[in-house]
Colleague: 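Here it is, the structure, as structure tokens.
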Amino acid sequence: MNYTSIQEAARTVNTRQKVQPKIGLILGSGLGVLADEITDAVTIPYADIPHFPVSTVEGHKGQLVIGELHGVPVLAMQGRFHFYEGWDVKDVTFPVRVMKELGIDKLIVTNAAGGVNPSLNAGDLMLITDHINHAGSHPLRGRNNPELGVRFPDMSAAYSPRLREEAQHAAAELGMNLREGVYVWNSGPSYETPVEVKMLQYLGGDAVGMSTVPEVIAARHAGMETAGISCISNMAAGILDQPLSHEEVIETTEKVREEFLGLIREWVKRIEKGD
Ligand code: HPA
């Protein structure tokens, strides 16, 4: 990956931001509303940032929102890039590189995902404990740039135990049941077949989605502390006797919006206090 492009993009963001963000937030399908809570916000459309890709999927805005989330300086991506849109995984992870270049050392990733574990329910929030890269693609494939990270990054604690503990404390404080599980990345854009879902159950997956894993790999490569939450927007194919649709995904994420917002708010406050 070209370090000069990362630096150019970071410079553009840096000249416009009014606070130095500490935590990066990537907001998934239907969850972009969190960025509307950011105060004293500077909004930068992706199109204004050199080398930034521009997202095409419904339900995703394409802008950075930088400001304070209840007193904590954050940078939120309102709209992310997906492999299924045709982007190379290098493009998908470019914003994470820019965050790191801006001095951000923590990343929280959110997504909508299908429940693979039958004990989950649509509307649950699931803290990601680990992931399975099942998309057949890898953001670090190719020559390694040692300025960005090591050739063979350790992934044994990709989802920070410390950040996860803070998330569970935040959930307990709010009286919420925050589920935990393994997120599987499939490339999409079709949803899975029922047999594929059964296979993911055998593999140890709890939820399946079309994002998150490349960003988390890049963030770990960059030495960032990372964590993720899935909003279980539907049960994966074959678990319930009904077809899946993007509308259902958006509808469910909208229903759990308040709970989700409350959790992230409380979590971010705790992370800031613990530093
Ligand atoms: N499968 C894959 N990705 C998804 C799903 C699903 O069931 N729901 C939301 N994103």
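In each ligand, atom 1 is the first atom listed, and ligand 1 is the first ligand listed. Keep in mind that the numbers below use all heavy atoms, side chains included, and drop hydrogens, waters and symmetry copies.
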Colleague: When you measure from atom 1 (N) of ligand 1 to every protein heavy atom, which one gives the shortest distance, and what is it?
Modeller: Glu192 OE1, 2.8 Å
Colleague: Look at atom 4 (C) of ligand 1 and say which protein heavy atom is nearest, naming residue and atom and giving the distance to 0.1 Å.
Modeller: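 Answer for atom 4 (C) of ligand 1: Val208 O, 3.6 Å.
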Colleague: For the residue pair Glu225 and Ser160, confirm or rule out a side-chain donor-acceptor distance under 3.5 Å.
Modeller: yes
Colleague: Give the numbers and elements of all ligand 1 atoms closer than 4.0 Å to a heavy atom of Ser233.
Modeller: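 This gives 8 (N), 9 (C) as the contact atoms.
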Colleague: Does the Asn133 side chain pair with the main chain of Ala135, one donor and one acceptor, at a distance under 3.5 Å?
Modeller: yes
Colleague: Students should be able to answer this: which protein heavy-atom is nearest to atom 5 (C) of ligand 1, and at what distance?
Modeller: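 Looking at atom 5 (C) of ligand 1, the protein heavy atom closest to it is Gly114 N, 3.4 Å.
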Colleague: What is the closest protein heavy atom to atom 6 (C) of ligand 1, and at what distance does it sit?
Modeller: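 Of the protein heavy atoms, Tyr191 CD2, 3.5 Å lies nearest.
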Colleague: What's the shortest distance from atom 7 (O) of ligand 1 to any protein heavy atom, and which residue and atom give it?
Modeller: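 Nearest neighbour among protein heavy atoms for atom 7 (O) of ligand 1, to 0.1 Å: Asn234 ND2, 3.0 Å.
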Colleague: Does even one non-hydrogen atom of Gly209 get within less than 4.0 Å of ligand 1?
Modeller: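 Flag set, Gly209 near ligand 1.
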Colleague: Side chains of Glu37 and His70: is there a donor and an acceptor less than 3.5 Å apart?
Modeller: yes
Colleague: Between Asp206 and Val182 (side chain of the first, backbone of the second, donor and acceptor by atom type, cut-off under 3.5 Å), is there such a pair?
Modeller: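 Answer holds: yes.
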Colleague: How about Arg141: does its CZ atom have over 12 heavy atoms from other parts shown lying under 6.0 Å from it?
Modeller: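 No - once you tally the heavy atoms of other residues, nucleotides and ligands closer than 6.0 Å, there are 12 at most.
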Colleague: So that I can tick it off, tell me whether Arg97 and Glu101 are bridged by a salt bridge, with the cut-off set at under 4.0 angstrom between side-chain N and carboxylate O.
Modeller: no
Colleague: Do the ring planes of Phe81 and Tyr46 sit parallel (below 30°), tilted (30 to 60°) or perpendicular (above 60°)?
Modeller: tilted
Colleague: Identify, for atom 10 (N) of ligand 1, the protein heavy atom at the shortest distance, and state residue, atom and that distance.
Modeller: Ala112 O, 3.4 Å
Colleague: By number and element, which atoms of ligand 1 are closer than 4.0 Å to a non-hydrogen atom of Leu244?
Modeller: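 Counting from 1, the qualifying ligand atoms are 7 (O).
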Colleague: Can you tell which part of Ala237 has a heavy atom less than 4.0 Å from ligand 1: side chain, backbone, both or neither?
Modeller: neither
